[in-house]
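This report refers to the structure that appears directly beneath it.
Note that the structure is predicted; figures quoted are calculated from it, not measured.
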Number of protein chains: 2
Amino acid sequence: MPDHTSPPDKRATIYDVAAEANVSPSTVSRAFSKPSRVNSETAERIRQVAERLGYRTNPLARALTTSRTHMIALVIADITNPVYAEIVRGAQEAAMSGEYTTVLIDAQESDRLERAAIERAMSTVDGIVLASSRMSDSAIRMFAKQRPVVVLNRAISDVPCVVTDNPRGVRRVAEHLGELGHDHITYVSGPQASWPNGTRWRALLEAGMELEIKVRQIGPFSPTIEGGERAAVELFARPATAVLAFNDQMAIGLIRGLNRMGVDVPGDVSIVGFDNIPAADIVTPGLTTVAAPLYAEGSAATRHLLTMIRGAHGHTGRPMVLPVRLVIRRSTATRNPSPGRARSPWVRQRPRPNPAARLS
Amino acid sequence: MPDHTSPPDKRATIYDVAAEANVSPSTVSRAFSKPSRVNSETAERIRQVAERLGYRTNPLARALTTSRTHMIALVIADITNPVYAEIVRGAQEAAMSGEYTTVLIDAQESDRLERAAIERAMSTVDGIVLASSRMSDSAIRMFAKQRPVVVLNRAISDVPCVVTDNPRGVRRVAEHLGELGHDHITYVSGPQASWPNGTRWRALLEAGMELEIKVRQIGPFSPTIEGGERAAVELFARPATAVLAFNDQMAIGLIRGLNRMGVDVPGDVSIVGFDNIPAADIVTPGLTTVAAPLYAEGSAATRHLLTMIRGAHGHTGRPMVLPVRLVIRRSTATRNPSPGRARSPWVRQRPRPNPAARLS
DNA sequence: GGCACGACGGCAACGGGTTGCCATGTATTG
DNA sequence: CAATACATGGCAACCCGTTGCCGTCGTGCC
């Protein structure tokens, strides 16, 4: 096995290169950081010597004086949640193309963990992308005072934000369900600390008003398949014909839970999700959902962060909003489609023990 | 908006604390890094002053002399692949509990990208976890010479590795399918650069030998749902009754593709995946698959890396192997279950245009 | 010819800790 | 009581680049 202890990687420094090239260290430094500041022949010679010696500038040493580490932190609420995959990739790619490295922090849906991790990374990064932060506005502002911060999927005044067009997405859902004959939509809500959760509910409230569709809310539940299954139980107690879930995972859990209790989707109830994660396309029935431009979100937020780091003052003050699109699959259908199906859908068969217990 | 340019975060330094506490900077330094080296009262006083001044030791400055950045790199093949979610989380948690920060690198299934990214991060991290690297053995050994490296899901001599028990998993699959009456298993292979791919195929070869089950291989395909769908087309040309796919995503794609062409799973063909990603449980039919201890993999690899960084020489030379477990769901069934179903399963109906084209 | 200016390179301080070595004072030991 | 050991704290060098400032030299211009 390689021995990592004795000479723990003795890389050449600018001093080595300087000695070898018969110039001063500062010239070597400039040859790399400000090539215009040094004679092109000298620079070339230095570069060759450096090459020969395998010199690479040490980012840490550089950071010490420039206070630019060329690293950014990307904080996500839960890496287990597939929405973040594309976001992370978008961010990573934007970072790389800007010569930046990404430090990923998984907050595990915990306010406390999130703060602690950021606290530790703070001094090491040039900026932070906060994707679906669970922290309070004031906590975020605190961080924003110390480092450039871009917030994703949340709007906070005085902090640059990029969000998806939730109102428009919800509106499209309401229209779609309305066209299918539904006059009542139940919103299954996610974590209360989640900003889009509130936004979506309010948007639904508003859309309901305009389109003359009644709306109600149940929850909160955790934004997972399991949370959706739990919601199914509650939903069973107060049936609905159309449901909008906070996100796809919950929608999928909902379908599963409902199926288990003998409720048919979309026959008895139409279900809509949010995000269009890959799984939305592989469940049965395929999930109608609002597609968010995940990759673009990560990429846009990161690019914005980089321009801030590079010293651009002007952000508009308004959040940057990204377009969404309704993806219609099989989980939504006309209300009570076939007249022949006259039986009361929700009491077709005895629910399983667990739900029954909750029903009493 | 906060102004990030003028005083870009003037944190207190050991010098500030030293002046305030009437000691020399070195004492302040020691109060934090080697508390035993300084009088406990003095240390306490220093700590209080530090607290009051909001002092935090600057990891970069520290790293400059100690050459310990307290960061590790976690390199994964494709963040879009859900297997990595749990691995990342396991790694992150192990890192955090060891006071380490994780730099995530997504190689996007590209050898070149992977190398470039590692190259850049190399000098900034104390060690590297390579999860499912697509690089050559020699490239990996090169890196391992410069920094502690732990390889995940791959065995390379002279480099510490942690792998799952692929042979055992495959063996259990073969037994399971054998018990269901299958005497022939087709392996749908993933990327050739993937180590577990080769391992699984060889294990199947061996298991087939012992259990007197014939085996064959098709592929390679990309390890995605789409790759699985493509495989379905090829499989259609040379039917099988039992299939083991390189991973769950391919298995899911396979089921989809087959369904589309009118082939029933598991009625006509049994399908088994690998990894037990969350989606395996939500597809219809539920996917029989080999569950890998994802979280444990990430965690074990990272912990091992940390002990290496801390200077432990002794690794056994043998890869650490983690147990797997067969999860039986609905995608596998007895071969030709109902005698009444006499029709030739694979030609039940006309395939769709695209497959037909490939068939000609 | 005198002068201003730009190109180029070096000096030295700096960033924020870490650490080997020495000095002092106190406790221990014979 | 002398000799030795230990606890504690300071000094100064060091890690590796960056950068403000200055000196030198060659060139162009009046």
How far does CZ of Arg89(B) sit from CD of Gln108(A), to the nearest 0.5 angstrom? 4.0 Å
CG of Leu64(A) versus C1' of dG16(C): gap in Å, rounded? 6 Å
May I ask you to verify whether the side chain of Ser26(A) and the base of dC11(C) hold a donor-acceptor pair under 3.5 Å? yes
Rounded to whole Å, the CD1-C1' distance (Ile46(A) to dG10(C)) equals 12 Å
CZ of Phe32(A) versus C1' of dG9(C): gap in Å, rounded? 16 Å
Are OP1 or OP2 of dG17(C) and a side-chain N or O of Tyr55(B) less than 4.0 angstrom apart? yes
Counting distance alone, no hydrogens or angles: does the base of dG20(C) have a donor or acceptor under 3.5 Å from a partner atom on the side chain of Arg30(B)? yes
Covered region of DNA chain D, 5' end to 3' end, by chain B [heavy atoms, under 4.0 Å]: dT8(D) to dC16(D)
What's the spacing between Arg62(B) CZ and Ser29(B) OG if we round to 0.5 Å? 7.5 Å
Result of checking Ile156(A), Ile140(A), Leu152(A) against Leu130(A) for side chain to side chain contact (heavy atoms under 4.5 Å, CB included): Ile140(A)
Nearest atoms (heavy-atom pairs only) where Asp126(B) meets Thr69(B): OD1-N, 2.8 Å
How do Ser36(B) and Thr66(A) order along DNA chain D: which one's closest nucleotide is nearer the 5' end? Ser36(B)
What nucleotide among dT19(C), dC14(C), dC11(C) has an atom nearest to a side-chain atom of Thr65(A)? dC14(C)
With DNA chain D as reference, determine whether Ser24(B) or Thr57(A) sits nearer its 5' end, using the nearest nucleotide of each. Ser24(B)
How long is the straight-line distance from CD1 of Ile46(A) back to CG of Asn22(A), given to the nearest 0.5 Å? 10.5 Å
Between Asn39(A) (CG) and dC8(C) (C1'), how many Å, whole number? 7 Å
Would you kindly give the NZ-to-P distance between Lys34(A) and dC8(C), to the nearest whole Å? 15 Å
Salt-bridge contact Asp16(A)-Arg11(A) (side-chain N to carboxylate O under 4.0 Å): no
Could you tell me, to 10°, how much the axis swings from one end of the helix from dG1(C)-dC30(D) to dG30(C)-dC1(D) to the other, five pairs per end? 40°
Quick check on DNA chain C: between Thr13(B) and Thr42(A), whose nearest nucleotide comes earlier from the 5' end? Thr42(A)
What contact category does Val28(A) fall into here, base, sugar-phosphate, or nothing, at under 4.0 angstrom with non-hydrogen atoms? nothing
Of the listed dC21(C), dC8(C), dT18(C), the closest approach to the Arg37(B) side chain comes from dC21(C)
Regarding Tyr15(B), tell me which of base, sugar-phosphate or nothing describes its non-hydrogen contacts under 4.0 Å with the strands shown. base
Output for pair (Ile118(A) CD1, Phe143(A) CZ), nearest 0.5 Å, gives 4.5 Å
Quick one: pull up NE2 in His304(A) and CE in Met320(A) and give me the separation to the nearest 0.5 Å. 6.5 Å
Is the Phe32(A) ring parallel, tilted or perpendicular to the Tyr55(A) ring (thresholds 30°, 60°)? tilted
So what does Ser29(B) hit on the nucleic acid, given a heavy-atom distance under 4.0 Å: a base, only sugar-phosphate, or nothing? base
Starting from P on dC14(C), measure out to CG on Asp16(B) and report it in whole angstrom. 15 Å
Evaluate the criterion side-chain contact (heavy atoms from CB on, under 4.5 Å) for residue pair Glu93(A) and Thr302(A); output intermediate values, then yes/no. CA-CA 9 Å; Glu93(A) 206 141 281; Thr302(A) 304; over 6 Å; no
